[in-house]
Q: 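Take a look at this one; I'll ask things after.
So that the names make sense, note that chain A is the first sequence line, chain B the second, and so on, each numbered from 1. Worth saying up front: this structure is predicted, and the values here are computed from it rather than measured. Any value given below was found using the heavy atoms of this structure, including those in side chains, with hydrogens, waters and symmetry copies removed.
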Protein chains: 2
Amino acid sequence: MSNNAINAIARGYVVSRAESKCATCSLRELCLPVGLDERETEILGDLINHKFRIRRGEHLLHAGLDFSSLYAVRNGFFKSYVLDSDGRQQVTGFYMTGELLGLDAISSEKHTCNTVALEDSEVCEVPFGKLEEISRSIPLLMHHFHKMMSREIVQDHNIMMLLGSRKAEERLAAFLLNLSGRLAKRGYSSTNFILRMTREEIGSYLGLKLETVSRSLSRLQEEGIITINNKHVRLNDIHRLSQKICGSSD
Amino acid sequence: MSNNAINAIARGYVVSRAESKCATCSLRELCLPVGLDERETEILGDLINHKFRIRRGEHLLHAGLDFSSLYAVRNGFFKSYVLDSDGRQQVTGFYMTGELLGLDAISSEKHTCNTVALEDSEVCEVPFGKLEEISRSIPLLMHHFHKMMSREIVQDHNIMMLLGSRKAEERLAAFLLNLSGRLAKRGYSSTNFILRMTREEIGSYLGLKLETVSRSLSRLQEEGIITINNKHVRLNDIHRLSQKICGSSD
DNA sequence: CGCTCGGTTGACCCGTTTCAAGTAACGTGG
DNA sequence: CCACGTTACTTGAAACGGGTCAACCGAGCG
């Protein structure tokens, strides 16, 4: 077992082993087991010995700790962040159901990000050494794992594009559409959802100050494109929201 | 063979098969074969059937094309970029000897970036399906591949941090130090090197306009921290350059 | 019920972009 | 090898977007 999720263990949040089987998990089509047959899923499930509950505000991972496991989000919502040299925090990603936490740590065998739950959540611990081991005999698992890593790279490239050349309102539009799409894939409403994170966290992720986030959201609302009420967003006009991202050319 | 590197093939830039063996490649310690024994390196080498020469300004990859192979930079220098919806190009990364091109394409099986050589270069084509296949029997290769993907993620996180919260001069400082470190690892001078890319490309990568890049470099020079002469940079005071990155706190 | 934290909005300021002009390096063809 | 056109780069001045500072509001929680 990893020594990273110390909090969770110390507080007795480990969920019973039986519950953690992939075979009966509703995320089979989103998470690592995509496409695996019964037997293969069973093998993968055996590898996941521990499932943790992480309460809102609690950390799952700390930068600097030794890497030994990835964590698959079973339910809930996480943010990852790094502290830069002058102590301010920079959000590097938000993670929802079926997504993998800790991929950044493989390269140096140390975690480079801190990861904290933004709502009460559950994760499955995936011992990475064992994952590599069993993926030798389950090519599909290996391949899907590679896809998940690649997806993280693509996602980061998208953010880099936003940060590099987009104005505040365009960044917000892209951010909302990204959340919308990921929620839709998970069976939630794509037009009506709760922002789990604060304005400051959105701003940190998008390279903006919280005031700018607030102003931009207000402006999108004035234009009738979204309705925003505290943490609750409704996307009224996805088409116009998409247009926001395409420069000012039309 | 992939159909992506069409230019290269059409123009007869394919290098003889014998030359492309990993076993005799000077990059064994940087590239995929890290840590492999003779036999394993042989197997990996057999997989790399083609090596291409890409001349300065020529593309190796185009966004949208089907993915089938990764490309290891054997020598030379590349940039990757995406075209955003209004046609402007955004640089997503620079790649040097021993680094892998095309990792972003695994997730969707389409390339998402364009990749172009910034100087006359050579790459080894690594058919991805076969790489996955042989990595089943060479755990170290699989693990090292995972590390390389993870490294790309970490690198992207670093850029996101730069773009999100750093001022122009700080971004330039970080950029120069990043290049310096990577060059050092490859046995080149860490204080004295050529910028293969234009000011505009640096700016695109760092989320700045070329004029701002130029001004920031000039300012670093005025302060005596670097000497810059056209494309040639000398880092005169790496310590002060590093300090630039640590906010304005000291 | 009151405190705290998160969010909104306004006014001003600063850094980067934009626009513009001029200069230096480079590659090409004569 | 030089002349030329092209591309890359530098530098200045003005405009603008987002940051900063500050006041206020509202929701959630103890």
Q: Could you give the CZ-to-P distance, from B/Arg166 to C/dT16, as a whole number of Å?
A: 13 Å

Q: Just checking B/Thr212: base, sugar-phosphate only, or nothing, at a heavy-atom cut-off of under 4.0 Å?
A: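 Here B/Thr212 touches the bases of the nucleic acid.
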
Q: Rounded to whole Å, please give me the gap between CD in A/Glu222 and P in C/dT8.
A: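 Taking atom P of C/dT8 as the reference, CD of A/Glu222 is at 12 Å.
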
Q: Name the closest nucleotide to the A/Ser214 side chain, picking from C/dG7, C/dT8, D/dG18.
A: C/dT8

Q: From C-beta outward on B/Arg199, which listed nucleotide comes closest to its side chain: C/dT8, D/dC9, D/dG19?
A: D/dC9

Q: Would you mind reading off the distance between B/Met197 atom CE and D/dT7 atom C1', rounded to a whole angstrom?
A: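 Between C1' of D/dT7 and CE of B/Met197: 18 Å.
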
Q: Looking only at N and O atoms, is any donor in the side chain of B/Arg219 or the base of C/dT16 less than 3.5 Å from an acceptor on the other one?
A: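 In this structure, the two groups form no donor-acceptor pair.
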
Q: I want to confirm an ordering. Mapping B/Glu211 and B/Ser216 to their closest nucleotides on DNA chain C, which one lands closer to the 5' end?
A: B/Ser216

Q: Salt bridge between A/Arg56 and A/Glu119, side-chain N to carboxylate O under 4.0 Å?
A: no

Q: At under 4.0 Å between heavy atoms, what does A/Gly207 touch on the DNA or RNA strands: base, sugar-phosphate, or nothing?
A: sugar-phosphate

Q: For C/dG7, does the base pair up with any side-chain atom of A/Arg215 as donor and acceptor (N or O, under 3.5 Å, distance only)?
A: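 Such a pair does not exist between side chain and base.
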
Q: Nearest-Å distance, NE2 (B/His232) to P (C/dA24)?
A: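 About 20 Å, once rounded to whole Å.
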
Q: OP1, OP2 of D/dT11 versus side-chain N and O of B/Ser218: anything below 4.0 Å?
A: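 Indeed, a polar side-chain atom of B/Ser218 lies that close.
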
Q: Do you know which of A/Phe52, A/Tyr71, A/Phe78, A/Tyr81 makes ring pair (Phe, Tyr, Trp, His ring centres under 6.0 Å) with A/His59?
A: A/Tyr81

Q: Grab the CD1-C1' distance between A/Ile202 and C/dG6 for me, whole Å please.
A: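 It is 12 Å, rounded to the nearest whole Å.
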
Q: Starting at the 5' end of DNA chain D, which residue's closest nucleotide do you reach first, A/Lys167 or B/Asn230?
A: B/Asn230

Q: Quick check for you: among C/dT16, D/dG17, C/dG27, whose closest atom lies nearest to any side-chain atom of B/Ala168?
A: C/dT16

Q: Nearest heavy-atom pair of A/Glu201 and A/Val91: which atoms, and what distance?
A: O-CG2, 3.8 Å

Q: For a quick test of reading the model: is some side-chain N or O of B/Lys209 closer than 4.0 Å to OP1 or OP2 of C/dT18?
A: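 Yes, such a contact exists.
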
Q: Determine the minimum heavy-atom distance between A/Met160 and B/Gln90, stating which atoms define it.
A: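 Heavy atoms of A/Met160 and B/Gln90 come nearest at O-NE2, 3.4 Å.
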
Q: Can you check whether B/Phe193 and B/Tyr188 have ring centres sitting under 6.0 Å from each other?
A: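 No, too far apart.
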
Q: What is the distance, rounded to the nearest whole Å, between atom CG of A/Leu220 and atom C1' of C/dG7?
A: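 So the CG-C1' distance, A/Leu220 to C/dG7, works out to 16 Å.
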
Q: Over how many whole Å does the gap from A/Glu201 atom CD to C/dG7 atom C1' extend?
A: 13 Å

Q: Please pick, from C/dT8, D/dT10, C/dT17, the nucleotide with the shortest atom-to-atom distance to any side-chain atom of B/Leu208.
A: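 The nucleotide sitting nearest to the side chain is C/dT17.
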
Q: Among the nucleotides C/dT16, C/dG7, D/dC9, which one has an atom lying closest to any side-chain atom of B/Lys231?
A: D/dC9

Q: C/dT23 P sits how many Å from B/Leu210 CG, rounded?
A: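 Atom-to-atom, B/Leu210 to C/dT23, this comes out as 18 Å.
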
Q: Heavy atoms only: give me the nearest A/Asn236-A/Thr227 pair and the separation to one decimal.
A: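 In terms of heavy atoms, the two residues are closest at ND2-OG1, 2.7 Å.
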
